[in-house]
There are 2 protein chains.
Amino acid sequence: MRDQRSECPIAYGLDFFGDKWSLLIVRDIAIYGRRRYGQFEAAGEGIATNILASRLKQLVEDGIIEKLRDPEHGSKRIYRLTPKGIDLLPIVVEIIIWSAKHDPDSPVTRGYLHRARRDRDGLLEEMRRNATA
Amino acid sequence: MRDQRSECPIAYGLDFFGDKWSLLIVRDIAIYGRRRYGQFEAAGEGIATNILASRLKQLVEDGIIEKLRDPEHGSKRIYRLTPKGIDLLPIVVEIIIWSAKHDPDSPVTRGYLHRARRDRDGLLEEMRRNATA
DNA sequence: CTGGATCCCAATAGATACTG
DNA sequence: CAGTATCTATTGGGATCCAG
């Protein structure tokens with residue numbers, strides 16, 4: 001098991017996803033509908049292949065994502081959020097709201113703000129649908 | 001300036017606080033009312049002193065916390081959340097809710113769950129007061 | 001081809017000792 | 001008390017290699 005730093009729930013959570021990449025993989029699945037290794041690799045942030053592989057493996061071990069056989073192409077594999085992973089989406093939404101508010105010059109980022117603020121639950125629901133589709 | 005990985009608001013936020021320590025410092029201030037270097041150092045997770053110093057410096061540069069002269073002991077310094085840092089608290093609350101739900105054996109952690117779920121806004125308000133006191 | 005594993009090197013994090 | 005300095009360990013980037 002992953003070693004735990006303390007009994008604090010915040011430390012507990014950060015021990016799972018407190019790095020620069022894990023929540024981006026969750027985002028890729030829930031917002032952009034990405035499912036395959038190559039799609040994650042092609043995301044704009046340029047994650048290194050070894051890091052991607054190690055994060056995917058860790059997230060599967062942690063029960064946040066699951067690795068399945070692609071029903072349409074039997075040889076390929078796809079990744080999906082588990083219920084435990086879907087429960088991370090409220091955190092993701094709050095990060096969007098924070099960034100949208102404090103990113104001074106990104107119109108892209110600020111575009112999310114109205115959406116996220118006005119229709120937080122709708123955005124969440126859309127992400128959940130996307131993640132389980 | 002910090003280098004930005006992409007235009008994505010989630011990547012943007014994680015570039016600020018996407019590590020295992022930054023949000024714990026925010027927590028120390030907002031939940032435990034800690035203000036001084038030594039208090040952060042004494043927190044249960046055992047952060048190394050150089051890491052603590054570097055995180056504090058970065059958070060100040062990022063405008064998430066501010067370093068002030070202690071009004072009671074002029075020679076000492078205290079750290080406090082800025083409004084930008086206070087805006088991180090909804091993220092912290094969602095992490096608490098996630099951890100409380102998915103930490104299988106911690107009564108400490110699960111103790112927060114009822115509070116956070118039942119009275120999310122009250123918890124937030126209390127943290128805000130604590131952070132600005 | 002896709003989905004990784006491996007390797008090398010650079011960069012970052014961390015433990016510990018020490019200092020103003 | 002509030003940090004720096006130093007040294008070591010771990011992580012990360014990027015190229016390349018390998019299996020199905």
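The salt bridge (charged side-chain N to carboxylate O under 4.0 Å, His left out) check on D70(A) picks up nothing, with sequence neighbours excluded. Under the rule for a side chain to side chain contact (heavy atoms under 4.5 Å, CB included), the partners of D19(A) that lie at least two apart in sequence or sit in another chain are W21(A), S22(A), R55(A). Partners of A42(A) according to the side chain to side chain contact (heavy atoms under 4.5 Å, CB included) rule, which considers only residues two or more places apart in sequence or in another chain, do not exist here. Scanning for side chain to side chain contact (heavy atoms under 4.5 Å, CB included) contacts around L68(A) gives E66(A), I78(A), R80(A), with sequence neighbours left out. Remark: R120(A) pairs with E94(A), E94(B) by the salt bridge (charged side-chain N to carboxylate O under 4.0 Å, His left out) rule, at least two apart or across chains. Residues satisfying the side chain to side chain contact (heavy atoms under 4.5 Å, CB included) criterion with A116(A), sequence neighbours excluded, are I96(A), I97(A), L123(A). Among residues two or more places apart in sequence or in another chain, the salt bridge (charged side-chain N to carboxylate O under 4.0 Å, His left out) test is passed with R77(A) by none. Judged as a ring pair (Phe, Tyr, Trp, His ring centres under 6.0 Å), and not counting sequence neighbours, the contacts of W98(A) are H102(A), F16(B), F17(B).
Contacts between residues 26-42 of chain B and DNA chain D, counted as heavy-atom distances below 4.0 Å, involve R36(B), Y37(B), G38(B).
Distance R69(A) CZ to dG20(D) C1': 11 Å, rounded to the nearest Å. Straight-line distance from the CG atom of L56(A) to the C1' atom of dG4(C): 10 Å, rounded to whole Å. In this entry the distance linking CG of L52(A) with P of dT2(C) reads 14 Å, nearest Å. Rounded to whole angstrom, the span from the CD atom of E72(B) across to the P atom of dC1(D) amounts to 16 Å. Going from atom NE2 of H73(B) over to atom C1' of dA2(D) covers 15 Å, rounded to whole Å. Distance OH (Y79(B)) to P (dC1(D)): 15 Å, rounded to an integer number of Å. One interatomic measurement links the two molecules: NZ of K57(B) to P of dA2(D), which rounds to 18 Å at whole-angstrom precision.
Not one N or O on the side chain of D103(A) forms a donor-acceptor pair closer than 3.5 Å with the backbone of P9(B).
Where the helix from dC1(C)-dG20(D) to dG20(C)-dC1(D) starts and where it ends, the local axes point in directions that differ by 30°; five pairs per end, rounded to 10°.
Among the protein residues, K67(B) comes within range of the sugar-phosphate backbone only, with heavy atoms under 4.0 Å from sugar or phosphate atoms but none that close to a base.
Distance check: R128(B) CZ to L89(B) CG gives 6.5 Å after rounding to the nearest 0.5 Å.
For residues 42-65 of chain B, the set of pairs meeting the ring pair (Phe, Tyr, Trp, His ring centres under 6.0 Å) definition, not counting sequence neighbours, is empty.
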Base versus backbone protein contacts along nucleotides 13-20 of chain C [heavy-atom cut-off under 4.0 Å; B, S, -]: SBBBB---
